[in-house]
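A short worksheet on the structure shown next.
Ligands are counted one by one from 1 in listed order, and the atoms in each one are counted from 1 as well.
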Amino acid sequence: MAEPTPFSITLLLLFNALYAIFPVAATPFGMTWSTKSFGPDGPWQAVRVSIGSPGQTIALYPGGSFRSHLLTSKICSNATLSPGVCFASSGGIYTPSNSSTSFDTIIRFPATTDYTHGGLEVQGSAAIGALDQISIGFSTKSQREVIVPNVTLAIHDDVNLVYPGGSTPVLELGTLGLGFLGTVNQSFQQTNAPNINGSLIPGYLQAQGITNSNSFGLHIGSVEPRISASLYFGGYDQGRIVGAVTTQQGAIAGIEGQDAGAVGLIDLLDIELNVVEGASPWNSTNVASLLGSGNSSIGPALSVVMLPEAPYLDLPQSTCDAIASWLPVTYQSSLGLYTWNVKDPQYERIVSSPSVLTFVFRKDQINTANVTINVPFMLLNLTLEAPLTSTPTPYFPCNAQSYGRYSLGRAFLQAAFIGTNWNANDNQGVWWLAQAPGPNIGSQSNVQDIQDQDVNISSSANSWSTSWEDSWTPLSIVSGNATTSLPGSTNSTSNGSNIRAIGGGLSVGSKAGIGVGVAIGALVALALGVWLFAYRRNPLRKPATSRGFTTSGDVSHLNNAHCLSTDSPGFLPSETHRSGGYGPAELMDNAMKPVHELSSD
Ligand SMILES: *[C@@H]1O[C@H](CO)[C@@H](O)[C@H](O)[C@H]1NC(C)=O
Ligand SMILES: *[C@@H]1O[C@H](CO)[C@@H](O)[C@H](O)[C@H]1NC(C)=O
Ligand SMILES: *[C@@H]1O[C@H](CO)[C@@H](O)[C@H](O)[C@H]1NC(C)=O
Ligand SMILES: *[C@@H]1O[C@H](CO)[C@@H](O)[C@H](O)[C@H]1NC(C)=O
Ligand SMILES: *[C@@H]1O[C@H](CO)[C@@H](O)[C@H](O)[C@H]1NC(C)=O
Ligand SMILES: *[C@@H]1O[C@H](CO)[C@@H](O)[C@H](O)[C@H]1NC(C)=O
Ligand SMILES: *[C@@H]1O[C@H](CO)[C@@H](O)[C@H](O)[C@H]1NC(C)=O
Ligand SMILES: *[C@@H]1O[C@H](CO)[C@@H](O)[C@H](O)[C@H]1NC(C)=O
Ligand SMILES: *[C@@H]1O[C@H](CO)[C@@H](O)[C@H](O)[C@H]1NC(C)=O
Ligand SMILES: *[C@@H]1O[C@H](CO)[C@@H](O)[C@H](O)[C@H]1NC(C)=O
Ligand SMILES: *[C@@H]1O[C@H](CO)[C@@H](O)[C@H](O)[C@H]1NC(C)=O
Ligand SMILES: *[C@@H]1O[C@H](CO)[C@@H](O)[C@H](O)[C@H]1NC(C)=O
């Protein structure tokens, strides 16, 4: 790009001045996506933002509520975390000291280490609360750069992942926080000083009149085959919805840190194999009841959460094994994942044909309606790379080591649209899940506005199967082994029917969702737990033990103040929170004295 000339700067200033006089009508704000893709378990797409001043260009996975999580250059200078190569720098890395707008010591309230909400097992020191401005790109309508000041951040100096075979430094990207119920500012309280306020991006955009609502619509798309990604604040691209929309009550996802998986849940009723067209690579065109197969404790539904900040399908081992039994894959116990047996002829047949993994969800929290999302196996032919494997290895992303925290990450969200209106129902929130299209989506987006209290969004008239037609190759009937009967319990659903019909009207569940109260309660518990582990940024602090901040499977410890008394600084921090969903607040202990104590549980 050419250097700005004085003339163009003058024009820009003039434009900005005019803008101030004649504000442009609020309209959805579309994020820019990085032209690179990321691993080591992808490839995945990520949004591109510019953080701080001068701007540091960094790619982030959109995901998670409240703070955005950034990996810092300290990871690259740590030889343990970056042995020869700094994987964390692949999307650009944040150096707070190089930004004149950064406040990296002002918020001494520590943030969670695991910013994947249990989608991965993350360990390391607690992240540090910080503020910095983020340029989220240009508004196409006003032609102005939109810079959100003082975005609440959590900065990670020391973080790595634990797999069953050991720990490994493979976190490549941080996350761009997607907001929270009714929240513009996340407030951190200090003694004898005004609150420190940090912005959440979608709330800020609405408060500034740039968008009409505190909301977003997201389809992360896919790299291979190429499905461009889409993220709008204050609206959504209707072309990204090609099936019935389920409207869920409450917040879409967990709040930062541990919420015991109680927020943003949707009932997953079943997982099936289906063949949309042509012959089946299996001995049936429909194999159902895989979710509960061989595990009676699962019952009629498994509650899961959507995690764009995490990569895998995090399901019970029994479910992963049941699906895997139909696939030419090998379980890799050191990773908890399955690698495709690429020499098996079934691999090519499954991955290149209209064969799909179908997820059946309860629709609108009503027990008589389902919504299905089909994930073509073509999207589940992902690649493990260094340092997880020495050579690029195709894998099937079912994570059989999810420690009881079940979620659907990017592997699933390649094929699904999700969105939220955080302010709907008087800040109780609604969120949406729907089938997203395949590669053939047309070059024009059809961006729709979301208004402040909207609870409904609309599907496009596009056909899902048409969006995939050019990308997959149906197996010819003569060469296939398509029979229709299956053994055991799957018999009842193998009635020869093809893929479930996608389509139908919208309706809003009448059941009230998870309210703010629950969220805030969990937040306080989280805050206390995290605080007790790492009460302030102190070089003399005891180094974290390998399990110290490991979160998956360790939730109860984090939430239990008593078992941590030896690590306690001798007082408990006091946190306050506001009604209306404002984030965690902190009393800064300048005098190193508690202002008042929490009644301990
Ligand atoms: C480097 O990373 C290791 C492993 O996470 C950690 O224990 C150590 O404290 C880090 N060193 C520094 C100087 O941050
Ligand atoms: C910080 O800025 C300085 C001066 O521009 C530059 O030399 C250095 O590489 C930057 N540090 C990082 C880690 O980006
Ligand atoms: C901080 O944010 C809260 C909540 O949005 C607001 O009530 C308060 O006025 C803000 N404080 C300052 C100093 O702007
Ligand atoms: C950002 O936060 C700092 C610390 O609270 C404050 O001094 C500054 O005025 C804020 N900047 C803006 C643009 O609100
Ligand atoms: C958020 O905080 C900023 C100061 O950082 C303040 O100017 C603004 O009024 C607050 N917004 C709301 C909606 O409370
Ligand atoms: C069976 O499902 C339950 C969850 O309902 C899970 O805790 C357990 O690990 C599963 N068993 C196996 C062998 O996967
Ligand atoms: C699976 O993915 C790899 C890596 O993108 C690709 O090279 C291969 O062709 C894919 N396999 C099939 C059968 O599509
Ligand atoms: C919803 O899905 C479940 C599990 O596949 C099935 O038993 C039920 O009949 C379906 N209900 C409707 C209304 O489609
Ligand atoms: C059909 O099934 C038979 C027996 O299972 C198998 O030998 C044959 O390879 C299959 N045909 C195809 C085209 O997969
Ligand atoms: C279909 O394949 C499954 C798994 O290979 C096998 O258990 C089952 O017996 C087969 N059913 C028929 C009717 O061939
Ligand atoms: C399987 O389907 C056949 C034909 O519809 C039926 O006769 C049989 O009873 C079914 N078996 C089970 C276990 O449902
Ligand atoms: C949302 O959609 C449902 C189902 O179509 C309808 O009953 C309801 O009235 C709509 N709500 C609003 C506020 O438009």
Legend entry - Contacts of Asp237 that satisfy salt bridge (Lys or Arg N to Asp or Glu O under 4.0 Å) - sequence neighbours left out: Arg240
Inset, instruction - Could you label the plane-to-plane angle of the His69 and His156 rings as parallel, tilted or perpendicular, counting under 30° as parallel and over 60° as perpendicular? - result: tilted
Legend entry - Closest candidate by heavy atom, reference atom 13 (C) of ligand 12, pool Asp364, Asn425, Val455, Val245: Val455
Inset, instruction - Drop me the distance from Asn78's CG to Ser73's OG, to the nearest 0.5 angstrom. - result: 11.5 Å
Legend entry - Heavy-atom gap Asp157 to ligand 1 smaller than 4.0 Å: no
Legend entry - Parallel, tilted or perpendicular: ring planes of Phe180 versus Trp422, cut at 30 and 60 degrees: tilted
Inset, instruction - Determine whether the side chain, the backbone, both or neither of Asn160 has a heavy atom under 4.0 Å from any heavy atom of ligand 1. - result: side chain
Inset, instruction - Just jot down the ligand 4 atoms closer than 4.0 angstrom to any heavy atom of Pro149, in number order. - result: 13 (C)
Legend entry - Heavy atom of protein inside 4.0 Å of atom 9 (O) of ligand 4, strictly below: no
Inset, instruction - Could you list all the disulfide (SG to SG under 2.5 Å) pairs where at least one residue sits in residues 164-211, not counting sequence neighbours? - result: none
Legend entry - Atom indices of ligand 4 within 4.0 angstrom of Ile106 heavy atoms, with elements: 4 (C)
Inset, instruction - Working to the nearest 0.5 Å, report the span between CG of Leu120 and CG of Asp114. - result: 7.5 Å
Inset, instruction - For Pro164 and Gly336, work out which heavy atoms get closest and say how close. - result: CG-N, 4.0 Å
Legend entry - Protein residue, atom and distance nearest to atom 7 (O) of ligand 4, heavy-atom basis: Phe103 CZ, 4.3 Å
Inset, instruction - Tell me which protein heavy atom sits closest to atom 6 (C) of ligand 4, plus the residue, atom name and distance to 0.1 Å. - result: Asn150 ND2, 4.1 Å
Legend entry - Closest protein heavy atom to atom 5 (O) of ligand 4, given as residue, atom name and distance to 0.1 Å: Ile196 CG2, 3.8 Å
Inset, instruction - Verify, without hydrogens or angle tests, whether Glu172 (side chain) and Gly39 (backbone) share a donor-acceptor contact under 3.5 angstrom. - result: yes
Inset, instruction - Looking only at distances, please establish whether an N/O atom of ligand 1 is found under 3.5 Å from an N/O atom of Asn78. - result: yes
Legend entry - Polar contact flag for Asn197 and ligand 4 (N/O pairs, less than 3.5 Å): no
